[in-house]
Peer 1: 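Before we start, here is the structure in question, set down as structure tokens.
Read the numbers this way: they start at 1 and go in the same order the structure lists the ligands and their atoms.
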Amino acid sequence: MADLQVHQFPCLSDNYGLLIHDPATGDTASIDTPDADTISAALAEKGWTLTHILNTHHHGDHTGGNMALKDATGCRIIGPHGGGIPGIDQAIGEGDTVTFGSFTAKIFETPGHTLDHIIYWFEGEQTAFVGDTVFALGCGRVFEGTFEQMWSSLAKVRALPPETVIYCAHEYTLANAKFAITVDPDNDALKARIKKIEALREAGKPTVPTTLETELATNPFLRPDDSGLQKAVGLAGATPAEVFAEVRRRKDNF
Ligand code: ZN
Ligand code: FE
């Protein structure tokens, strides 16, 4: 079986456009649709024809291009239950699978950022598209759900194999790094990663994708059971959900 090809490109001010392509069948999907024009240009550049849109949640910077792209290509739109996805053909949720070309994605519901948020895990390809659930060194702001819900959602991501490549929807990493070091100040892996991130951004390069292994070692939102981090936020021995909530609150006020 041929590999799943992924083409990532900047969209809007800080989103990433993501096209995935199966060379065996020619199928091409856009993971979310931050901007129809930018996505159309990327499709033309690759010589790919859009067959699917896979939405993660209803926010405008993830669905804004749905209708224009569907009108232009007749593509099939798959996304979460909840009713906010323009042009949706198929609504999916926890435990469902989505077939894309020769590949299969398993679906997890990850409420918190929004209530409808889902992520796509291509197990065989060791790749996950996580939208605004996890960012490099960060996680989505909790707009619609509770901190508890968001923690359960992050715990699902944390349980994936560490080698999983994580494609998140935004380039927020440098700002996330400045916060992360304030709650995890003695983490040497984090310090080393921040240097790499600064160099990448100075060179105008993306810090996405990341891997789960890297996030487990350095992302404070995935480390609420780390004793050093717990101490740094004054919650030694607290539950992961409590520590996560405190870290998220601090980030919101950072
Ligand atoms: Zn969002
Ligand atoms: Fe977003």
Peer 1: Checking one value in my table: which N/O/S atom of Asp61 lies closest to the Fe ion (ligand 2)?
Peer 2: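 Relative to the Fe ion (ligand 2), the closest nitrogen, oxygen or sulfur of Asp61 carries the name OD2.
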
Peer 1: Looking at Asp132, which of its N, O or S atoms is the nearest one to the Zn ion (ligand 1)?
Peer 2: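 Looking only at N, O and S atoms of Asp132, the one nearest the Zn ion (ligand 1) is named OD2.
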
Peer 1: Verify the distance test for His57 against the Zn ion (ligand 1): any N/O/S atom under 2.8 Å, yes or no.
Peer 2: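 Here the distance criterion (N, O or S atom, under 2.8 Å) is met by His57, so yes.
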
Peer 1: Using 4.0 Å as the upper bound for N to carboxylate O, is an ion pair formed by Arg249 and Asp252?
Peer 2: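 No salt bridge links Asp252 with Arg249.
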
Peer 1: So does Asp186 pair up with Lys231, basic N to acidic O under 4.0 Å?
Peer 2: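 No salt bridge links Asp186 with Lys231.
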
Peer 1: From the Fe ion (ligand 2) out to just under 2.8 Å, does an N/O/S atom of His57 turn up?
Peer 2: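 Given the 2.8 Å cut-off, His57 does not count as a ligand of the Fe ion (ligand 2).
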
Peer 1: Within the stated cut-off of 2.8 Å, is an N/O/S atom of His170 closer than that to the Fe ion (ligand 2)?
Peer 2: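 Under 2.8 Å: His170 contacts the Fe ion (ligand 2) through an N, O or S atom.
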
Peer 1: What's the spacing between Asp116 CG and His113 NE2 if we round to 0.5 Å?
Peer 2: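 One gets 9.0 Å once the value is rounded to the nearest 0.5 Å.
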
Peer 1: With the threshold set at 4.0 Å, does a side-chain nitrogen-carboxylate oxygen contact exist between Lys205 and Glu171?
Peer 2: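 Glu171 and Lys205: not salt-bridged.
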
Peer 1: Tell me if the aromatic rings of His62 and His170 count as close, with their centers under 6.0 Å from one another.
Peer 2: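 Under 6.0 Å, so yes.
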
Peer 1: Just give me the atom name: the N, O or S atom of His59 closest to the Zn ion (ligand 1).
Peer 2: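 Atom name returned: ND1.
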
Peer 1: Counting backbone and side chain alike, does His113 bring an N/O/S atom below 2.8 Å of the Zn ion (ligand 1)?
Peer 2: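 An N, O or S atom of His113 is closer than 2.8 Å to the Zn ion (ligand 1), so yes.
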
Peer 1: With the Fe ion (ligand 2) as the point of reference, which N/O/S atom of Asp132 is the closest?
Peer 2: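 It is OD2 of Asp132.
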
Peer 1: If you compare all heavy atoms of Phe221 against all heavy atoms of Leu154, which two are closest, and at what distance to 0.1 Å?
Peer 2: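 It is O-CD1, 3.8 Å.
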
